[in-house]
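First comes the structure, then the notes that go with it.
Just so you know, these numbers use all the heavy atoms, side chains as well, and skip hydrogens, waters and symmetry mates. Counting from 1, the numbers follow the sequence of the chain as shown.
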Amino acid sequence: MDEFALIEKFFTREAGSRSDVRLGIGDDAAVTVIGTDFDLVIATDTIGVDTHFPASAEAHAVGHRCLAVNLSDLAAMGAEPLWCTLVLSLPSGDADWVAAFADGFFELARRFNVVLIGGDTVKGPLAITVTVHGRVRSGQYITRSGAGPAQGIYVTGNPGESAAGLQRVNAVDPSAADVYLIGRFLYPDPRVQEGRSLVGLATAMIDISDGLHVDLTRMLQASRMGADLDIGQIPLSSRLLAGMTGEAALEFALTGGDDYELCFTVPIERESELQALLPDWNCPLTRIGRTHVSPEIVWTYNGQVYNVPDTSFHHF
Ligand code: ADP
Ligand code: MG
């Protein structure tokens with residue numbers, strides 16, 4: 001069974017047993033009621049050596065990454081991060097490693113005003129679990145399932161850069177473009193401020209941590225919408241294109257994963273409100289398609305139907 005089948009079969013059975021859980025398993029984060037003004041938004045993710053980061057990654061980058069991937073899930077809900085907990089499984093008590101890890105962790109935490117409030121430290125294979133808590137105004141969280149018909153489909157940043165960076169992470173003589181791409185992999189920049197600014201405007205949202213193609217498909221399926229996607233619109237950066245063909249770059253952008261960009265829908269008639277947000281954003285934004293009620297999800301490239309290869313990552 002893949003991980004989603006395992007979760008569905010064994011861990012969703014008590015869902016719905018409390019009315020203060022607004023949103024449980026199945027989205028980027030969970031949402032619970034904490035009062036009349038705000039809802040609490042909670043996400044947790046583990047990163048393990050050799051599965052989520054190479055053993056050669058600097059401790060500083062690992063400290064950044066374990067928090068960044070969680071903040072990205074809060075961003076995808078439109079939530080404001082508040083607090084986090086940290087569970088460290090370490091093979092040894094290497095103080096130099098932990099010092100650099102903590103620097104990477106706290107530099108990012110400070111940037112988004114997230115406070116570490118607890119955790120646990122155990123001996124074991126190198127793996128880090130972070131749980132982040134954030135909030136949204138009551139009922140204002142953005143799910144994967146809210147897209148309607150005739151809505152624009154947008155993606156932040158330049159997908160594919162991170163996966164290309166991972167491929168070069170041990171390069172002996174990296175070019176300037178390689179160094180940039182490796183940085184995109186090692187230091188993902190969660191789109192927290194961008195996600196928050198979409199509250200009240202985006203109808204559905206997901207972070208594309210598993211790759212643009214698979215995560216966008218998940219969002220559309222959760223929303224029961226079809227779509228027309230134009231692959232030619234996907235914003236391939238010059239650094240991504242520097243070391244590979246356009247075709248290879250497209251494959252990284254569609255199926256590479258680890259991007260931690262946001263993909264979301266906004267009603268076409270509200271696109272000017274979206275444009276008005278962009279001066280405050282740290283990344284570009286591109287419209288890559290449009291939703292429709294008929295269920296097909298059609299990807300085209302230069303007017304031809306394009307079959308995206310299914311190379312998405314599965315743990316099992
Ligand atoms: P993401 O990639 O957005 O972090 P995941 O793919 O890790 O999300 O998880 C999908 C959904 O399944 C989330 O709602 C997550 O909380 C839930 N989930 C994953 N593993 C478990 C588990 N062992 N028990 C309960 N829920 C789980
Ligand atoms: Mg996610």
Side-chain angles (χ1 to χ4, degrees), residues 15-16 18-45 67-84 111-115 117 130-157 189-209 215-216 218-225 260-283 285 287 291:
R18 285 185 62 110
S19 61
D20 51 6
V21 179
R22 286 203 196 251
L23 189 67
I25 292 171
D27 214 299
D28 291 299
V31 181
T32 65
V33 178
I34 49 169
T36 51
D37 292 343
F38 291 98
D39 292 338
L40 184 63
V41 181
I42 308 151
T44 192
D45 255 323
L67 181 57
V69 302
N70 278 281
L71 291 176
S72 180
D73 278 326
L74 285 197
M77 308 302 286
E80 172 194 5
L82 302 170
W83 319 294
C84 63
R111 217 176 106 201
F112 291 113
N113 199 20
V114 190
V115 176
I117 56 168
V130 171
T131 303
V132 285
H133 301 73
R135 68 178 181 181
V136 289
R137 295 221 160 258
S138 185
Q140 296 279 291
Y141 52 92
I142 306 169
T143 64
R144 297 176 177 183
S145 58
Q151 303 193 338
I153 300 170
Y154 302 84
V155 67
T156 63
D189 198 4
R191 305 301 186 190
V192 173
Q193 167 197 336
E194 292 78 8
R196 286 183 65 190
S197 71
L198 288 165
V199 167
L201 184 58
T203 52
M205 182 145 65
I206 191 167
D207 74 327
I208 55 168
S209 49
D215 282 321
L216 171 52
R218 269 180 202 144
M219 182 177 77
L220 290 168
Q221 286 174 345
S223 297
R224 299 176 197 283
M225 283 291 135
Y260 301 101
E261 297 295 347
L262 297 175
C263 180
F264 58 89
T265 49
V266 168
I268 290 286
E269 67 275 13
R270 298 188 67 187
E271 195 178 74
S272 60
E273 292 170 65
L274 182 57
Q275 296 293 342
L277 299 175
L278 298 186
D280 294 327
W281 285 20
N282 292 315
C283 57
L285 179 72
R287 187 168 87 198
T291 59

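- Of the listed residues (D207, D215, D28), just one forms a salt bridge (Lys or Arg N to Asp or Glu O under 4.0 Å) with R144, and that residue is D28.
- Atom CG of N113 sits in a sparse spot, with 12 or fewer heavy atoms from other residues, nucleotides or ligands closer than 6.0 Å.
- No donor-acceptor pair under 3.5 Å is formed between the side chain of T32 and the backbone N or O of V21.
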I'd like to know whether D37 forms a side-chain contact (heavy atoms from CB on, under 4.5 Å) with S138, so could you lay out the CA-CA distance, the side-chain angles of the two residues, the decisive distance to 0.1 Å, and finally the verdict. CA-CA 5 Å; D37 292 343; S138 185; 6.0 Å; no
Can you give the donor-acceptor pairs under 3.5 Å from side chains of residues 145-157 to other protein atoms, not counting sequence neighbours?
{"residue": "S145", "atom": "OG", "partner": "T143", "partner atom": "OG1", "Å": "3.1"}
{"residue": "Q151", "atom": "OE1", "partner": "G148", "partner atom": "N", "Å": "2.9"}
{"residue": "Q151", "atom": "OE1", "partner": "T203", "partner atom": "OG1", "Å": "2.6"}
{"residue": "Y154", "atom": "OH", "partner": "E271", "partner atom": "OE2", "Å": "2.6"}
{"residue": "T156", "atom": "OG1", "partner": "E261", "partner atom": "OE1", "Å": "2.5"}
{"residue": "T156", "atom": "OG1", "partner": "L262", "partner atom": "N", "Å": "2.9"}

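- In this structure, L74 and F112 have side chains that are not in contact, with every pair of non-hydrogen atoms separated by 4.5 Å or more.
- Atoms CG and SG, from L278 and C283 in turn, are 8.5 Å apart once rounded to the nearest 0.5 Å.
- A distance-only check finds a donor-acceptor pair linking the side chain of T265 to the backbone of A204 [under 3.5 Å].
- Side-chain atoms of I268 and R270, non-hydrogen and from C-beta on, never get closer than 4.5 Å to each other.
- Within the model, atoms OH of Y260 and CG of D73 stand 8.0 Å from one another, a figure rounded to the nearest 0.5 Å.
- Rounding to the nearest 0.5 Å gives a distance of 12.5 Å between CD of Q140 and CE of M77.
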Evaluate D189 against R111 for side-chain contact (heavy atoms from CB on, under 4.5 Å), listing each step before the verdict. CA-CA 11 Å; D189 198 4; R111 217 176 106 201; 2.6 Å; yes
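- Looking at heavy atoms from C-beta onward, V132 lies out of side-chain contact with P81 at the 4.5 angstrom threshold.
- Judged by distance alone, the side chain of N70 and the main-chain N or O of D45 form a donor-acceptor pair under 3.5 Å.
- Of the inter-residue distances, the one linking F38 atom CZ with L82 atom CG reads 9.0 Å to the nearest 0.5 angstrom.
- With values rounded to the nearest 0.5 angstrom, R218 atom CZ is found 11.0 Å from D27 atom CG.
- What you find for S197 and L277 is that their closest heavy atoms are O-CD1, 3.6 Å.
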side-chain contact (heavy atoms from CB on, under 4.5 Å), that's the test. Do L198 and M205 meet it? Break it down for me. CA-CA 9 Å; L198 288 165; M205 182 145 65; 3.7 Å; yes
Could you go through the side-chain contact (heavy atoms from CB on, under 4.5 Å) check for I142 and V199 one step at a time? CA-CA 7 Å; I142 306 169; V199 167; 4.2 Å; yes
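- Two residues are said to be in side-chain contact when any heavy atoms from C-beta on lie closer than 4.5 Å; L23 and D39 fail this criterion.
- Between R191 and L285 the shortest side-chain heavy-atom distance does not fall below 4.5 Å.
- Under a 3.5 Å cut-off, the side chain of E194 and the backbone N or O of N282 do form a donor-acceptor pair.
- Atom CH2 in W83 sits 9.5 Å away from atom CD1 in I42 (nearest 0.5 Å).
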